[in-house]
Structures are given as C-alpha cells and as structure tokens.
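We count ligands from 1, going down the list as the structure has it; atoms in each ligand are counted the same way.
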Amino acid sequence: MTPIITAFEASPDRGKGQARDMRVRWALEEVGQPYEVRLLSFKAMKEPAHRALHPFGQIPTYEEGELALFESGAIVLHIAQHHAGLLPTEAVARSRAINWIFAALSTVEPPIIEREAAWFTERDKPWYAEHGPMLDERVRRRLGELSARLGEHDWLDGAFSAGDLTMVMVLRRLSSTGLLGAYPNLLAYVARGEARPAFQRAFAAQLAVFTAASGT
Ligand code: GTB
C-alpha cells in the first residue's frame, strides 16, 4: 500500500527542505518506498478533516491503510522499523540507533527551536539583548557535546541510521545561523547526510512543490 503524507502547499522556506515532511520524504527515499503527497494550505491544516489526522493541525502526517501517524519522529521510526536500511538488525545496535532519534528530537532540537522562535518573536524587545545570547549559548552547549561524541566518525553509531537522518535534519535548521561553523565535524556530518542520493531526491521533490506553485 502506498503511504500518503501531507506537506505544505506553500512552504515558508520556499521548499528549501526545512519543513518536517522533509524528514519523512528522506526516510521513504532511503528505504525505496514510493509515496504520495497531499498538499495543504494553512487554512486546510486547521479544518476538521485534517485535525482528525493531526490533533494540532500541522504537517506532516502519514497514512498507510488504517494507520495514521502525526509526529515526524514517530513516522521516521515507523518507516525504519518496517523497511530494511535505516536501522541495524541486531537488537542492541538497533536500540542505540533509535536512542539517537530521541536524542535529536528531545535534547538537540528543543534549544534550536526555542532560539529560532525567540528570534522571530522577541528580537525587537528590550530583553532580547540578554536573552538572545543565552539561547545561543544553550544551542552551542549541545552542539559542543554532540561534536565531541561524533569526533571523526562519519555517523553517530556505526552505519548511517534513522538516528543520523533525524539528527542531520535537526542540525540543518541552523543552516542560516552560522552557529554550526564552530564545529567542522558537524558541518561535515550534515554535508554527508545532504550528499546521500535519497536526501537529494527528497529535497528535489519538496522544492518541486514550491517551484510548481510559484511558476518559477
Ligand atoms: N512535532 C511535530 C513534528 O515533528 O511532526 C511538529 C510539526 C510542525 O512543527 N509542523 C509545522 C506546521 O505544520 C511545519 S514543520 N506548522 C504550521 C502550523 O503549526 O500551523 C516546521 C517548519 C515550518 C516552516 C519552516 N520553514 O519555513 O523554514 C521550518 C519548519
């Protein structure tokens, strides 16, 4: 059965691979699973039909027969668990790879999102002069720790896994900030992820949505 995912009809990043359907597209491409995409406007995302799938009225969702999922991490994990290629088969190594999915989403991503949200909503407020550097520092702390663990390895724990896919997507959120620049091994890690043919296909598919909508 071909899964159906949802994505932005008009992504604010103009299809540059930041919206979270990109994680799902990349995972599907890695395992060679074809998929369909239902594009949604911001209005449609908040309507009852979509909220029945996604209680928070967001993208991405994933439908496969009777199954409907609505968290990008859960969707990536589902894909990785049901197809070969994104998780080791050996149980201990598999659990460690899953551990990295959660580390990306629960430990590394939150300070990145908090920093970005504050920049969008508070940067003209008087307190931002103190708050902004503090949020930068929280991100740097996590990047330093991650950089130390990655060292000179290509991937976080052996072969490329769903943990790396999720971590690379989380780190890409910093692309426009310059914060990754202090960690050459993390920059190289993100570049290695982006160089994977499956990433390239997913990125092209997401960009094509914007290109088609804008007629460019
Ligand atoms: N925890 C959920 C998950 O991981 O699936 C979070 C899902 C989420 O944040 N979805 C966002 C959404 O639907 C899109 S991805 N937002 C619309 C809304 O809440 O009304 C977040 C996102 C959006 C846009 C950019 N961008 O343009 O750079 C980057 C990331």
Whether R173 lies under 4.0 Å from ligand 1, heavy atom: yes
Option with minimal heavy-atom separation from atom 9 (O) of ligand 1, where the choices are Q58, K43, R172: Q58
Shortest protein heavy-atom distance from atom 24 (C) of ligand 1, along with the residue and atom involved: F8 CE1, 3.9 Å
Structural part of K46 in contact with ligand 1, heavy atom criterion under 4.0 angstrom: side chain
Residue, atom name and distance, where the atom is the protein heavy atom closest to atom 1 (N) of ligand 1: E71 OE1, 2.7 Å
Closest protein heavy atom (residue, atom, distance) for atom 17 (C) of ligand 1: F42 CE2, 3.9 Å
Whether F56 lies under 4.0 Å from ligand 1, heavy atom: no
Option from R201, R172, K16 for which salt bridge (Lys or Arg N to Asp or Glu O under 4.0 Å) with E194 holds: R172
Short N or O distance, I59 and ligand 1, threshold 3.5 Å exclusive: yes
Atom indices of ligand 1 within 4.0 angstrom of P12 heavy atoms, with elements: 27 (O)
Residues which pass side-chain contact (heavy atoms from CB on, under 4.5 Å) with E36, listed by chain and number, not counting sequence neighbours: T2, I4
Proximity flag P60 to ligand 1, non-hydrogen atoms under 4.0 Å: yes
Heteroatom proximity flag, S72 to ligand 1, N/O under 3.5 Å: yes
For atom 26 (N) of ligand 1, closest protein heavy-atom neighbour: D13 CB, 3.5 Å
Parallel, tilted or perpendicular: ring planes of F70 versus F56, cut at 30 and 60 degrees: perpendicular
CZ (R149) with more than 12 external heavy atoms under 6.0 Å: no
Solution key, residues 77-88 side-chain donor-acceptor pairs under 3.5 Å, sequence neighbours excluded:
residue : atom : partner : partner atom : Å
H78     : ND1  : H82     : ND1          : 3.4
H78     : NE2  : E64     : OE1          : 2.9
H82     : ND1  : H78     : O            : 2.9

Shortest protein heavy-atom distance from atom 21 (C) of ligand 1, along with the residue and atom involved: R20 NE, 4.1 Å
Aromatic contact, Y35 with Y62 (centres under 6.0 Å): no
Closest protein heavy atom to atom 25 (C) of ligand 1, given as residue, atom name and distance to 0.1 Å: Q18 CB, 4.2 Å
Heavy-atom check, side chain of V170 versus side chain of E109, under 4.5 Å: yes
Polar side-chain atom of D21 near backbone of P60 as donor-acceptor pair, under 3.5 Å: no
Centroid-centroid under 6.0 Å between W26 and F203 rings: no
